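Right, one structure below, let's go through it.
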Amino acid sequence: MARRPLPRILSSGTASLARGRDFARTAADSATDVLHPLLTIGRGLRILASAGRRKWSETPKDKRGPALFLGAACVLVVALVPYGPLLALITLMAAAAWQGRDRNPVKTGPSDAETERLGSLYEALVPYFSIPEDPSPLFAHGGEWDKAFSGYEFDEAGRVTRLHIRYPAYFTDGEATSRARIEALLHAKSGRGREYLFDWDEEGNQLDLRVLAALPTGIAAQPFVTSPGETVLGFTDAGSVQRTLPVLEGDEPRDVPPVIWRTGPRSTEPHLLAVGRPGSGATSLLRSVALQALRHGGDVLIIDGGGSGEYSCLSGRTGVLAVESGPTGALATLEWAAQETERRLVATHRAREAGRPAPDDTRRPLWILLDQPSVPGHLAAAEGLPDPLAQLQVPLRHGRAAHVTVVVAEQFDHLELLNDAVWQHTRARIVLGPASVQQIADVLGLPPHTTPTAQVPPGRGYARLGTGPVHRLQVPATPDPYDDATHPAYRQAVLELLPERQEAAGAGQDRITPTKPLQGQPPAQGAPLPEVPAEAP
């Protein structure tokens with residue numbers, strides 16, 4: 001059976017509607033151009049009428065009568081003067097046209113200074129985006145920059161804030177060295193001291209350059225809305241992650257994108273390594289991690305290798321098992337942590353063999369935080385003691401299954417003192433403070449996606465979790481609450497997050513060391529604490 005053709009009104013309806021829309025749009029544009037003077041005069045009359053009505057409402061009631069008499073006299077004089085009404089009408093229309101004019105003309109192109117800057121950028125890119133064999137080069141000396149730059153924005157100082165570049169298809173944008181040369185050139189020509197993001201579109205042969213706004217530095221430590229096993233390392237750009245957290249920046253609530261680090265048996269990055277320079281904010285990062293771990297019911301061991309006492313606020317708190325700085329205490333604490341990891345593994349294995357769930361004490365998170373562990377290692381070697389870092393191999397290798405998490409913070413100058421186990425098992429990495437592109441790439445495994453700046457606030461850096469992308473990072477302000485030189489509001493925020501102090505059951509005892517129950521906690525069954533001699537006072 002042959003199909004009947006559609007009616008003509010249905011088959012050609014789409015084209016007719018399209019032509020009708022185009023005709024209506026053209027007619028509206030033409031009418032707007034023709035009626036533009038009338039629209040301007042009408043807008044001016046409305047402005048004059050509003051001004052007159054406002055003036056009349058501001059006039060006192062006892063003066064409104066004389067004002068009406070004066071206005072009527074003026075109208076009478078104008079009416080009696082030859083050509084008076086015509087001149088008054090012309091004056092009124094001129095005043096309305098002046099008041100209704102477009103006071104903010106739309107900028108249609110770059111200024112002379114901006115045009116010169118764009119031309120300079122174009123000429124600088126010619127040696128990189130052109131070859132002699134190209135018959136019609138997009139980039140050529142004395143060429144037209146508007147064909148290569150399809151979009152641009154400037155700030156108030158006349159510096160480029162965004163630039164969209166088209167480049168030839170034969171440019172080797174798949175090579176990191178070629179992209180790095182272009183990024184370095186644009187960074188130098190567009191202005192140093194700012195952080196640029198370069199978005200390469202290899203498929204479309206386009207490069208988008210934009211200046212990134214500074215990350216917020218006013219977010220202090222606070223109870224973040226996270227689940228157990230989630231740790232907020234800091235905050236990043238809005239387009240980098242698919243999640244936001246409600247926080248308070250001062251007294252103002254905001255939703256900011258966080259960098260979330262997930263730990264536990266199902267984590268692919270169970271341990272963390274943070275690297276920076278003195279004053280870069282690594283200690284604040286460890287304090288922030290410790291406060292979040294304590295809030296979720298974890299136990300915390302702290303090795304303060306620098307011996308600065310910046311973790312004294314956590315000493316004696318509920319959940320803090322020990323805060324050690326000397327080589328003997330660090331060695332004993334890490335030996336206990338290794339034995340505790342083995343005990344948890346054995347207890348979990350036996351429970352699974354018997355068909356029972358793992359004991360509760362094996363599922364309680366245990367956090368081992370080490371700040372500058374190379375210092376106790378050096379002191380231990382000087383005193384003839386074993387290296388404390390050697391005891392980290394068991395927690396690093398088997399900590400994920402035993403709910404044990406290790407966080408190491410070290411400086412750039414001492415990275416060679418970290419053993420292979422630390423580098424192999426700390427797949428979550430953070431670089432804080434000013435650092436070169438090569439230093440960041442050596443730690444994170446990838447270069448940063450932006451141009452690092454020489455001056456950054458404390459806690460500012462880059463983070464990479466496992467094989468994921470590199471994120472810009474700003475650590476929440478978590479200063480030592482006993483340091484009077486820091487901001488009072490930040491110190492108060494940390495004090496509010498500190499757990500309560502443990503009951504003074506052993507108030508008459510000496511300083512608690514791993515030879516005794518850690519911070520008043522009874523030793524785990526089956527894991528006796530090692531006996532080591534106490535340190536000399």
Side-chain angles (χ1 to χ4, degrees), residues 13-119 144-164 208-213 238-239 252-255:
T14 304
S16 300
L17 290 175
R19 286 195 298 269
R21 285 195 298 267
D22 294 340
F23 178 76
R25 189 179 296 109
T26 303
D29 294 340
S30 301
T32 302
D33 294 338
V34 173
L35 300 177
H36 184 266
L38 296 179
L39 296 175
T40 302
I41 292 175
R43 185 165 56 248
L45 290 175
R46 185 172 65 252
I47 294 174
L48 292 175
S50 300
R53 188 163 51 251
R54 184 170 59 255
K55 186 67 175 178
W56 176 258
S57 62
E58 295 174 356
T59 303
K61 293 184 178 181
D62 57 341
K63 296 183 179 180
R64 291 183 179 181
L68 285 175
F69 178 78
L70 180 60
C74 292
V75 170
L76 180 61
V77 171
V78 170
L80 296 177
V81 171
Y83 304 103
L86 180 60
L87 294 176
L89 180 61
I90 294 174
T91 304
L92 179 62
M93 293 298 102
W98 177 258
Q99 291 293 333
R101 74 189 188 281
D102 190 2
R103 301 175 183 269
N104 297 320
V106 179
K107 183 179 179 180
T108 57
S111 62
D112 295 340
E114 295 172 352
T115 301
E116 183 179 356
R117 184 175 290 271
L118 291 174
E144 300 178 359
W145 59 263
D146 53 350
K147 293 182 179 179
F149 301 157
S150 56
Y152 46 84
E153 294 179 7
F154 293 87
D155 58 9
E156 297 179 354
R159 298 191 300 175
V160 175
T161 59
R162 186 153 194 171
L163 185 64
H164 192 77
D208 188 59
L209 174 149
R210 59 189 177 96
V211 178
L212 296 177
E252 180 182 357
R254 291 185 56 188
D255 288 339

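What you see is a predicted model, and the numbers here were worked out from it, not measured in a lab.
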Q) Under 3.5 Å, is there a donor-acceptor pair between the side chain of T161 and the main chain of E153? A) yes
Sub-3.5 Å donor-acceptor pair from the side chain of R64 to the main-chain atoms of T59, do we have one? yes
* Neighbour count above 12 (heavy atom, 6.0 Å) for E58 CD -> yes
Check whether more than 12 heavy atoms from other residues, nucleotides or ligands sit under 6.0 Å from atom CG of D62, and answer yes or no.
yes
Gap separating the [atom1] atom of [X] from the [atom2] atom of [Y], nearest 0.5 angstrom:
X: L48; Y: I41; atom1: CG; atom2: CD1; answer: 11.5 Å
X: I90; Y: Y83; atom1: CD1; atom2: OH; answer: 11.5 Å
X: W145; Y: L118; atom1: CH2; atom2: CG; answer: 4.5 Å

* Step by step, would you call L68 with W56 a side chain to side chain contact (heavy atoms under 4.5 Å, CB included)? -> CA-CA 10 Å; L68 285 175; W56 176 258; 3.8 Å; yes
With F154 as partner, the option from R162, R159, R117 fulfilling side chain to side chain contact (heavy atoms under 4.5 Å, CB included) is R117
Side chains of V160 and Y152: closer than 4.5 Å at any heavy-atom pair?
-> no
| query | Would you call L45 and Q99 a side-chain contact if the rule is heavy atoms closer than 4.5 Å? | reply | no
For V78 and P85 the tightest heavy-atom approach is O-CD, 3.5 Å
